[in-house]
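Accompanying notes for the structure given below.
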Amino acid sequence: MRITEARVIVTCPGRNFVTLKIVTDEGVTGVGDATLNGRELAVAAYLTEHVVPVLIGRDPARIEDTWQYLYQGAYWRRGPVTMSAIAAVDTALWDIKGKIAGLPVYQLLGGRSRAGVTVYAHAQAVSIESVLSEISSCVDLGYQAVRVQTGIPGLESTYGVSGQAFYEPASAALPAENVWSTAHYLDHVPRVFAAVRAEFGPTLRLLHDVHHRLTPIEAARLGRSLEPYHLTWMEDPVPAELQEGFRLIRQHTTTPIAVGEVFNSIWDCQELITGQLIDYIRTSVVHAGGITHLRRIFDLAALYHVRSGSHGATDLSPVCMAAALHVDLAIPNFGLQEYMRHTPETDEVFPHSYHFEDGYLHPGEEPGLGVDIDEELAGRYPYRPAALPVNRLQDGTVHSW
Ligand code: CS2
Ligand code: MG
C-alpha cells in the first residue's frame with residue numbers, strides 16, 4: 001500500500017480547524033487534527049510545503065519510521081507548529097492502520113483498560129451564584145468532574161469566562177486585550193471553592209485553571225488556600241518553561257498540579273515527571289506529536305505516579321478528541337479527559353462515533369478512530385482570521401494570558 005495524496009483542509013464551522021486527510025492507493029483514508037489556535041495557517045503551510053511532498057509514495061503502515069523521518073529529518077526540532085504537523089500525519093496513519101486491521105485504534109494500543117473515559121465539563125460564569133447553577137447542570141448531565149472558572153470582582157474580563165454557552169477566546173482578527181490583577185484573583189478564588197463545596201459537598205471532583213498567571217510562590221499560596229476544598233487539580237499555575245520552578249510550589253502545598261497543554265514534546269515535561277513535580281500531564285494528541293509520541297509521554301509518566309489529563313478544549317477538533325479517547329481507554333495511568341462540547345455545526349463537519357454516557361466518553365467500535373471530515377460541508381466554512389487575546393497587568397505590563 002502507498003500514500004497517493006494528502007489534503008490539508010482548513011475550515012471554520014464557528015471556529016478554525018486544520019485537518020489532514022491521507023489517501024492511499026487502496027482507497028483507505030485517515031484523518032489527523034492539525035489545529036493550533038491562532039496559528040492555524042502556520043501549520044497548514046508547514047504541512048503543505050514541507051510534509052505532504054515527502055509523504056507521497058510512502059508506506060502508510062510505517063508509522064514510527066514516518067514519525068522519525070519527519071522529526072529528525074526536519075533538522076529544526078520540536079515547537080508547536082512542527083509537532084502539530086507531525087501529530088496530524090501520525091494520527092491519520094493510526095486511523096488507516098485501524099481501518100486495515102478492522103479494529104478500533106484502542107485495540108491496537110493494548111485494548112480497553114477501563115469501562116469508559118471519565119471526562120470533565122466546564123462550568124464558567126461571571127458570578128459565584130451563576131457558576132453554582134452551571135455546576136448543577138453539569139452534574140445533572142452526569143459529569144463526575146467539573147472545572148470551575150468565574151469572573152474576578154474588580155476585573156472587566158478574565159480567562160475562561162464568557163457568559164455564553166460556548167467559550168471561544170480567539171474571537172477577533174487581532175488580539176483583544178484583557179487586564180489582570182493577581183491580588184484580586186488570589187483574594188477571590190478561595191471564596192469560589194468554599195461556596196462550591198458548601199453547595200455540592202466534599203466528593204464532586206473539582207478542577208481550576210490558573211492559566212499560567214502566577215509566580216511559583218503565588219501558586220504556592222493559592223494551592224495552600226485551596227487545600228480545604230480538595231481540588232482534583234490546579235492547572236497551569238505558572239508559565240512552565242522553568243520546570244524547576246514547580247519545586248517551590250510542591251514544597252508548600254498538597255493541592256495536585258496539572259500542566260502540559262502547551263507542551264509539544266516529552267522534553268518539555270521530562271523533569272516535571274521524573275521529579276514528581278506534577279500529578280497530571282495534559283499533553284494532547286494534536287499538539288504533542290500524535291498518538292505515537294503521546295504514548296511515550298504517558299509511559300514515562302506511569303513510572304512516576306503521574307496520570308494523564310489531556311487537553312480537550314473546543315479548539316482541538318473532534319478528530320483529536322476521537323484519537324484522545326482511544327489512547328485514554330488503553331493506557332494504564334489514565335487520569336481525566338477534558339471535554340468541552342463542540343458546536344452543532346462542528347459536529348456536523350466532523351461526523352464521529354464517540355458518545356457521552358454516565359459521565360464517560362466512549363470512542364465507539366468503528367475500525368480506526370471513528371471520525372471523519374465532510375469535505376463538501378467543510379468547504380462551506382471559509383477560514384476566518386482569529387487571534388488569542390493578550391493579557392496585561394493594570395500598569396500595562398504584558399502578562400501571561
Ligand atoms: C484552556 C484552553 O481548556 C483549557 O484548559 O487552557 O481553553 C486554552 O485556553 C485554549 O485551548 C487556548 O486555545
Ligand atoms: Mg488549560
Side-chain angles (χ1 to χ4, degrees), residues 12 14-18 33-43 80-81 83-84 87 119-124 134 138 143 145-150 157-162 164-172 175-176 178 180 185 189 205-214 219 222 231-240 256-264 268-269 272 278-288 308-321 324 335-343 346 361 384-391 399-401:
C12 186
R15 69 154 341 276
N16 293 311
F17 294 107
V18 180
D33 185 14
T35 307
L36 185 64
N37 200 356
R39 296 294 182 269
E40 292 87 356
L41 296 189
V43 185
V81 172
M83 297 304 281
S84 298
V119 289
Y120 69 87
H122 282 206
Q124 47 105 358
E134 287 278 306
C138 295
Y143 285 97
V146 183
R147 189 189 85 162
V148 180
Q149 306 290 137
T150 70
S157 63
T158 191
Y159 159 72
V161 180
S162 67
Q164 276 101 46
F166 285 97
Y167 171 65
E168 174 46 70
S171 49
N178 294 171
W180 173 254
Y185 171 76
V189 174
R205 298 176 70 181
L206 299 176
L207 308 97
H208 179 66
D209 195 345
V210 187
H211 219 259
H212 325 276
R213 299 182 172 207
L214 302 179
L222 176 66
L231 268 62
T232 294
W233 79 45
M234 166 172 75
E235 179 178 329
D236 284 331
V238 296
I257 298 172
V259 71
E261 67 182 55
V262 298
F263 293 166
N264 49 78
D268 296 324
C269 46
L272 290 172
I278 58 174
D279 303 276
Y280 296 87
I281 182 67
R282 286 185 37 80
T283 35
S284 69
V285 168
V286 60
H287 297 135
S308 73
S310 285
H311 189 202
T314 46
D315 47 285
L316 286 64
S317 89
V319 175
C320 177
M321 180 52 74
L336 270 178
Q337 170 65 51
E338 180 174 14
Y339 179 43
M340 276 178 85
R341 290 176 186 268
H342 290 102
T343 61
T346 295
L361 265 183
R384 187 180 64 213
L388 285 168
V390 168
N391 206 14
H399 193 73
S400 294
W401 169 69

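Counting starts at 1 for both ligands and their atoms, following the listed order.
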- prompt: Does Tyr339 have Arg341 sitting over its ring (NZ/CZ under 6.0 Å from centre, angle to axis within 45°)?
  reply: no
Interfacing atoms of ligand 1 (cut-off 4.0 Å, heavy-atom, Trp401): 9 (O)
- request: Answer yes or no: is there a side-chain heavy-atom contact under 4.5 Å between Leu207 and Leu336?
  value: yes
Student check: side-chain heavy atoms of Val238 and His212 closer than 4.5 Å: no
- request: Mark up the atoms of ligand 1 that fall under 4.0 Å of a heavy atom belonging to Asp209, in ascending order.
  value: 1 (C), 4 (C), 5 (O), 6 (O)
query: Is it true that Tyr167 lies under 4.0 Å from ligand 1, counting heavy atoms only?
result: no
- prompt: So is Tyr120 polar-close to ligand 1, meaning N/O to N/O under 3.5 Å?
  reply: no
- request: Answer yes or no for Glu235: is there an N/O/S atom below the 2.8 Å cut-off from the Mg ion (ligand 2)?
  value: yes
- line: Atoms of ligand 1 under 4.0 Å from any heavy atom of Arg147, numbered from 1 in the order shown, are 1 (C), 3 (O), 4 (C), 5 (O)
task: Give a yes/no answer: is there an N/O/S atom of Asp236 under 2.8 Å from the Mg ion (ligand 2)?
output: no
message: Give me the nearest non-hydrogen protein atom to atom 10 (C) of ligand 1 as residue plus atom name, then the distance to 0.1 Å.
response: Asp315 OD1, 3.5 Å
task: Taking the Mg ion (ligand 2) as the reference point, name the nearest N/O/S atom of Glu261.
output: OE1
- prompt: Can you tell me the protein heavy atom closest to atom 13 (O) of ligand 1 and the distance?
  reply: Asn37 ND2, 2.8 Å
The one among Glu338, His211, Arg39 that brings a heavy atom closest to atom 3 (O) of ligand 1: Glu338
query: Given side chains that start at C-beta, do those of Met234 and Val210 come closer than 4.5 Å, heavy atoms only?
result: yes
query: Taking side chain as C-beta onward, heavy atoms only, is Gln337 less than 4.5 Å from Met321?
result: yes
- prompt: Is the shortest distance from a Lys or Arg side-chain nitrogen in Arg15 or Asp315 to a carboxylate oxygen in the other one below 4.0 Å?
  reply: no
Shortest protein contact, atom 1 (C) of ligand 1 (heavy atom only): Tyr159 OH, 2.9 Å
- prompt: Counting each atom of ligand 1 from 1 as listed, which ones have a heavy atom of Arg282 under 4.0 Å away?
  reply: 4 (C), 5 (O)
task: May I ask you to check whether Tyr159 and Tyr185 place their ring centres under 6.0 Å from each other?
output: no
field: Name of the residue among Thr283, Leu316, Ile281, Asp236 meeting side chain to side chain contact (heavy atoms under 4.5 Å, CB included) with Glu261
entry: Asp236
- prompt: Between Glu261 and ligand 1, is there a nitrogen or oxygen pair with a distance under 3.5 Å?
  reply: yes
query: Taking just the N, O or S atoms of Asp209, which one is nearest to the Mg ion (ligand 2)?
result: OD2
Parallel, tilted or perpendicular, as decided by the 30° and 60° cut-offs, for the rings of His399 and Trp180: parallel
task: Please tell me if the side chains of Ser162 and Gln124 come closer than 4.5 Å, counting only heavy atoms from C-beta onward.
output: yes
Per-atom contacts, ligand 1 versus His311 - under 4.0 Å to a heavy atom: 2 (C), 3 (O), 4 (C), 11 (O)
